[in-house]
Amino acid sequence: MILLPYSTEKSRSLFERALRVLIEGGSSPSRGPANYGDYPIFIDRGKDSKVFDVDGNSYVDWMMAYGALPLGHAHPSIIEAVKEAVSSGTLFAAATEIEVEVAEILQRIIPSAERVRFANTGTEAAMAAIRLARGFTGKPKFIKFEGHYHGWYDDFLVNAHPHPLPSLGHRNDPIKIADSSGLNRHALADTIVIPWNDIQAVERAIETYRGQIAAVITEGIMANMGVIAPKQGYLEALRKITEENNILLILDETVTGFRIAPGGCQEYYQIKPDLCTFGKALGSGFPVACFAGRAEIMEALSWGGVLHYGTQNASRIGLFAARASLKELLKDKGKAFNYMWTIGDKLCVGIQKLFREFGIQAIVQSVGPMFQIMFTTKPFIRDYREFCASVDRAKYQKFSLALFEYGVYMSPSASLHSVATLAHREDDIAFTLEAMRNVLKDGKI
Ligand code: PMP
C-alpha cells in the first residue's frame with residue numbers, strides 16, 4: 001500500500017537525530033547519503049516480500065538485505081527456529097550439535113566442501129581463506145580481479161569500486177587503486193590485480209609471478225559491479241590453469257551461495273574450487289558465514305597451523321536459522337531455486353520490455369535471481385572496465401530513488417545488484433513494473 005501523498009518526514013527527522021551520534025547517520029557507507037541522497041529511508045519492519053518504513057510506507061523489497069534473505073522477511077520457520085534457539089541459551093562459545101548438523105548439510109550439498117569452518121561474515125570467511133591458502137602453500141601472493149569485492153579486509157580492498165577508466169591504467173598492468181585510506185602500507189604488495197573474464201590475463205600473471213602465487217580468488221558471477229556472468233568456459237579455464245600451476249582456486253560464493261543452485265555456482269557451472277566461502281543467504285538474516293574446501297587444505301587450520309579464532313563463530317542462533325532456511329530451500333528437490341530463477345527472469349523480461357516501450361537506453365543483466373539494471377548504450381557489460389566506462393550510475397540512482405515513491409525498493413546502488421527470493425510473488429512483479437512505468441511516465445529519468 002502506498003500512502004498518499006508520499007512522505008518520509010519521520011525518516012528525515014530520524015536521520016537528523018542519527019547524525020548526532022552515528023557517522024553519516026548509520027553503520028555502513030552503503031546505507032548513507034552515498035546511495036540515498038539527502039537521507040535514507042528508515043525501515044521499521046518487514047514481512048515476506050515487503051518492508052515498511054517508519055512513516056508507514058510499504059515497499060516491495062528487491063534488495064533483501066543485499067541478498068541475505070532468501071526466504072524474505074520474517075519467515076515463520078526462521079522465527080520458530082530462532083525462538084527455539086534463544087529460549088535455550090544464546091551463545092556458549094563451545095562445541096554444539098547444531099554446528100555439526102549444519103556443516104553436514106553443507107558437506108552434502110556443496111560439491112567442494114569436504115570440511116567446513118564457520119565464521120560470521122563474508123569478509124571474515126574470505127580473510128581466513130586467503131590466510132589459509134598462504135599458510136598451506138607457503139606462497140605469498142594471490143590474484144584478485146578488478147571489480148570483485150570480497151569484503152573490507154586490507155589485502156583485497158583494491159579496485160572494488162568503480163573509477164574513471166583513465167585512472168585504471170592499461171589492462172595488461174592495472175593500477176592498483178586502494179578502496180580506503182588507512183590500509184596497512186604493505187597490504188597490497190602481494191595482491192595481484194588483473195581483469196576478469198580474460199584467461200590470458202591470468203596466464204600473464206602466472207608467468208610474471210611464477211612460483212609465488214598461493215591462490216586466485218574470484219566471484220563466480222560478478223555481483224558487485226552490477227551482475228556480470230562468466231564468459232562461457234571461463235571458470236573452467238580458470239580451474240584448469242590454477243590446477244596445472246599448483247595454485248589454489250578460492251571461489252567466493254558469498255552472493256551466489258544458496259541462490260544460484262543448492263550447491264552454489266560451483267554446482268551450476270560444474271567447477272570444483274579448492275576453497276570456497278559463503279555468507280549472506282546462509283544465515284537467512286543472521287551473521288553466519290563459512291569457508292570450506294578440500295580436507296587436506298582445511299586441515300591446516302588444526303592447532304599450531306593457520307589460525308582462525310572467533311568468540312562468535314558458529315553462532316548458535318544463526319545456525320538454527322540456517323538449518324531452518326536450508327530446510328525450506330532444499331525441500332521438494334530444490335524447487336525453490338527454480339522458483340527464484342523464474343521470478344527473476346520474469347521481472348527482468350518485464351523491465352526490458354518497458355525500457356523498449358519508452359525508448360530508454362538501458363539493459364538488465366541477470367543470472368537467475370540476481371539482476372541489475374544498467375543505463376548504458378552498450379548491448380551488454382562484460383567486465384569492470386566496461387562497467388566503469390559505459391554505465392551511467394547517477395541515472396540508475398535517480399531511477400531507484402524515484403521508485404521509492406511508488407513503493408518499490410531496489411538496491412539504491414548502480415553497482416550492487418538486487419535479488420528475487422522465495423517470498424516474491426507474481427503480483428510483486430506486476431506492482432514493480434507498474435511503479436517503473438509511472439517513473440518513466442513522470443519523465444524522472
Ligand atoms: N564477498 C562478496 C562476493 C560479497 O558480495 C560480499 C558483500 N557484499 C562480501 C564478500 C563481504 O560479505 P560481508 O558483507 O558479509 O562481510
Side-chain angles (χ1 to χ4, degrees), residues 27-28 68 82 85-86 88-107 110 112-142 144 149-157 180 182-191 214-215 217 248 250-254 257 273-323:
S27 301
S28 165
V82 171
V86 173
S88 54
T90 49
L91 179 70
F92 307 124
T96 56
E97 187 174 352
I98 186 76
E99 185 178 349
V100 182
E101 207 183 315
V102 177
E104 283 171 349
I105 301 172
L106 300 181
Q107 191 183 51
I110 299 165
S112 69
E114 293 173 12
R115 296 289 183 277
V116 176
R117 169 61 72 95
F118 289 109
N120 299 284
T121 66
T123 303
E124 282 181 32
M127 277 167 70
I130 290 290
R131 178 183 290 176
L132 181 54
R134 285 173 164 157
F136 177 76
T137 61
K139 296 176 192 167
K141 297 189 185 295
F142 69 92
K144 186 254 169 208
Y149 178 71
H150 303 291
W152 52 275
Y153 172 49
D154 289 19
D155 290 19
F156 41 64
L157 198 54
S180 173
L183 301 191
N184 175 326
R185 290 291 182 265
H186 310 290
L188 299 175
D190 284 323
T191 307
I217 186 166
L248 302 184
I250 306 173
L251 187 62
D252 182 342
E253 299 238 39
T254 307
D274 298 292
L275 293 172
C276 51
T277 64
F278 292 84
K280 297 207 189 227
L282 175 57
S284 235
F286 288 82
V288 182
C290 77
F291 54 107
R294 266 169 50 202
E296 182 198 6
I297 304 170
M298 295 294 287
E299 231 20 270
L301 293 169
S302 303
W303 185 242
V306 179
L307 191 65
H308 170 245
Y309 270 156
T311 304
Q312 305 283 350
N313 285 355
S315 150
R316 183 164 181 273
I317 302 172
L319 287 174
F320 269 69
R323 179 178 60 186

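All residue numbers refer to positions in the sequence shown, counting from 1.
- The minimum heavy-atom distance between I250 and A215, with the atom names listed, is CD1-CB, 3.7 Å.
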Steps toward side-chain contact (heavy atoms from CB on, under 4.5 Å) verdict (V82, F286)
CA-CA 10 Å; V82 171; F286 288 82; 3.5 Å; yes

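- Closest approach of S112 and C276 over heavy atoms only: OG-SG, 3.4 Å.
- No donor-acceptor pair under 3.5 Å is formed between the side chain of R316 and the backbone N or O of F92.
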Please walk me through it: do F156 and L188 pass side-chain contact (heavy atoms from CB on, under 4.5 Å)?
CA-CA 7 Å; F156 41 64; L188 299 175; over 6 Å; no

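- In this structure, the separation between CG on L307 and CG on L301 is 9.0 Å, given to the nearest 0.5 Å.
- For the atom pair CD of E253 and OG1 of T277, the computed distance is 7.5 Å after rounding to the nearest 0.5 Å.
- In this structure, W152 CH2 and L183 CG are separated by 11.5 Å, a value rounded to the nearest 0.5 Å.
- Qualifying ring pair (Phe, Tyr, Trp, His ring centres under 6.0 Å) partners for F142, counting only residues two or more places apart in sequence or in other chains: none.
- Counting only residues at least two apart or in different chains, side chain to side chain donor-acceptor pair (under 3.5 Å) contacts with residues 131-140 comprise R134-D155.
- Between A292 and A113, the closest heavy-atom pair is CB-CB, 3.7 Å.
- Checked by atom type and distance alone, the side chain of S302 pairs as donor or acceptor with a backbone atom of E299 at under 3.5 Å.
- The side-chain heavy atoms of I110 and F278, taken from C-beta on, include a pair separated by under 4.5 Å.
- Formation of a donor-acceptor pair under 3.5 Å by the Q107 side chain with backbone atoms of E114 is found in this model.
- Identified under the ring pair (Phe, Tyr, Trp, His ring centres under 6.0 Å) test for residues 287-318, with sequence neighbours left out: F291-H308.
- Side-chain N or O atoms of D154 include none that pairs as donor or acceptor with a backbone N or O of A187 at under 3.5 Å.
- Taking CG from L106 and CZ from F118, the interatomic distance works out to 5.0 Å, rounded to the nearest 0.5 Å.
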Check the pair N120, V288 against side-chain contact (heavy atoms from CB on, under 4.5 Å), reporting the backbone distance first and the verdict last.
CA-CA 4 Å; N120 299 284; V288 182; over 6 Å; no

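- Atom CZ of R294 is separated from atom CG of D274 by 4.5 Å, given to the nearest 0.5 angstrom.
- Listed here is the closest heavy atom pair of A289 and A125: CB-CB, 4.3 Å.
- Under 3.5 Å, the side chains of E99 and T96 contain a donor-acceptor pair of N or O atoms.
- Shortest non-hydrogen contact noted between C290 and V116 is CB-CG1, 4.1 Å.
- For the atom pair CD of E104 and CZ of R323, the computed distance is 11.5 Å after rounding to the nearest 0.5 Å.
- No option in L248, I130, L275 other than I130 meets the side-chain contact (heavy atoms from CB on, under 4.5 Å) test with I217.
- Between A119 and E124 the shortest heavy-atom distance is CB-OE1, 3.7 Å.
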